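Being a predicted model, the structure only gives us computed values, none of them experimental.
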Amino acid sequence: MFPPTFGNLVKLTKLALNENQIQTIPALFGSLKALKDLSINKNKIANIEGDALGPLSSLTMLDLSQNKLTHFESIPKSEVLDSLLLSFN
């Protein structure tokens, strides 16, 4: 679903992909290191590729609520993360 050039958006700070049919968070999300606000709720995400969210060290808010996650292993390495929403998975 995401083109390879998506990873080139290195200055992007806010991304909202709510209410789509997204099933996987691809590894290329890891290159979006300037992201502060990532909202991907109300999708069908059941898989997060590798450590796709790990490199997001600027992240302050991550909303993965209302998806199909059964486990969450790709934890952002962010010391400023103050909001993590994982409800209704």
Determine whether a donor-acceptor pair (N or O, by modelled atom type, separation under 3.5 Å) exists between the side chain of [X] and the backbone of [Y].
{"X": "Glu49", "Y": "Ala27", "answer": "yes"}
{"X": "Ser78", "Y": "Leu59", "answer": "yes"}
{"X": "Ser58", "Y": "Lys33", "answer": "yes"}
{"X": "Asn67", "Y": "Ile45", "answer": "yes"}
{"X": "Thr60", "Y": "Lys36", "answer": "yes"}

Handout entry: Val80 with Leu38, same ILVMFWY side-chain cluster at under 4.5 Å
Key =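 No, no single cluster joins them.
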Exercise for the section: Say whether Leu35 and Met61 are linked into one hydrophobic cluster, either directly or through other cluster members, by side-chain heavy-atom distances under 4.5 angstrom. Expected result: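 No.
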Enter the distance from [X]:[atom1] to [Y]:[atom2] here, rounded to the nearest 0.5 Å.
{"X": "Ile75", "Y": "Leu53", "atom1": "CD1", "atom2": "CG", "result": "10.0 Å"}
{"X": "Ser83", "Y": "Leu85", "atom1": "OG", "atom2": "CG", "result": "4.0 Å"}
{"X": "Ile40", "Y": "Leu15", "atom1": "CD1", "atom2": "CG", "result": "6.5 Å"}
{"X": "Leu62", "Y": "Asp82", "atom1": "CG", "atom2": "CG", "result": "11.5 Å"}
{"X": "Leu64", "Y": "Ile48", "atom1": "CG", "atom2": "CD1", "result": "5.5 Å"}

Exercise for the section: Identify, with sequence neighbours excluded, every residue that meets side chain to side chain donor-acceptor pair (under 3.5 Å) alongside Asp63. Expected result: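 Only Asn41, Ser65 meet the side chain to side chain donor-acceptor pair (under 3.5 Å) criterion with Asp63.
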Exercise for the section: Go through the structure and list residues passing side chain to side chain donor-acceptor pair (under 3.5 Å) with Asn18, not counting sequence neighbours. Expected result: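 Asn18: side chain to side chain donor-acceptor pair (under 3.5 Å) contacts with Ser39.
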Exercise for the section: Sort and list the pairs that fulfil ring pair (Phe, Tyr, Trp, His ring centres under 6.0 Å) and have at least one residue in residues 22-66, not counting sequence neighbours. Expected result: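 Qualifying pairs: Phe2-Phe29, Phe6-Phe29.
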Problem - Within residues 67-86 or reaching into it, pairs that qualify as ring pair (Phe, Tyr, Trp, His ring centres under 6.0 Å) - sequence neighbours excluded - result: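 Matches after skipping sequence neighbours: none remain.
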Problem - Residue pairs, two or more places apart or on separate chains, that pass side chain to side chain donor-acceptor pair (under 3.5 Å) and touch residues 21-31 - result: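 Those involving residues 21-31 are Gln21-Lys44.
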Exercise for the section: Considering non-hydrogen atoms only, spot the tightest contact between Ala52 and Ser74 and give its length. Expected result: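 It is N-OG, 3.3 Å.
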Handout entry: Pairwise salt bridge (Lys or Arg N to Asp or Glu O under 4.0 Å) hits with a residue in residues 67-80, at least two apart
Key =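 Applying salt bridge (Lys or Arg N to Asp or Glu O under 4.0 Å) to every pair that reaches into residues 67-80, excluding sequence neighbours, yields Asp51-Lys77.
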Problem - Leu17 and Ile22, any side-chain heavy atoms less than 4.5 Å apart - result: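 Side-chain contact under 4.5 Å: yes.
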Practice task
Report the C-alpha distance between Thr13 and Asp37 in whole Å, list the side-chain angles of each, state the deciding distance to 0.1 Å, and finish with yes or no for side-chain contact (heavy atoms from CB on, under 4.5 Å).
Solution key: CA-CA 6 Å; Thr13 60; Asp37 187 334; over 6 Å; no
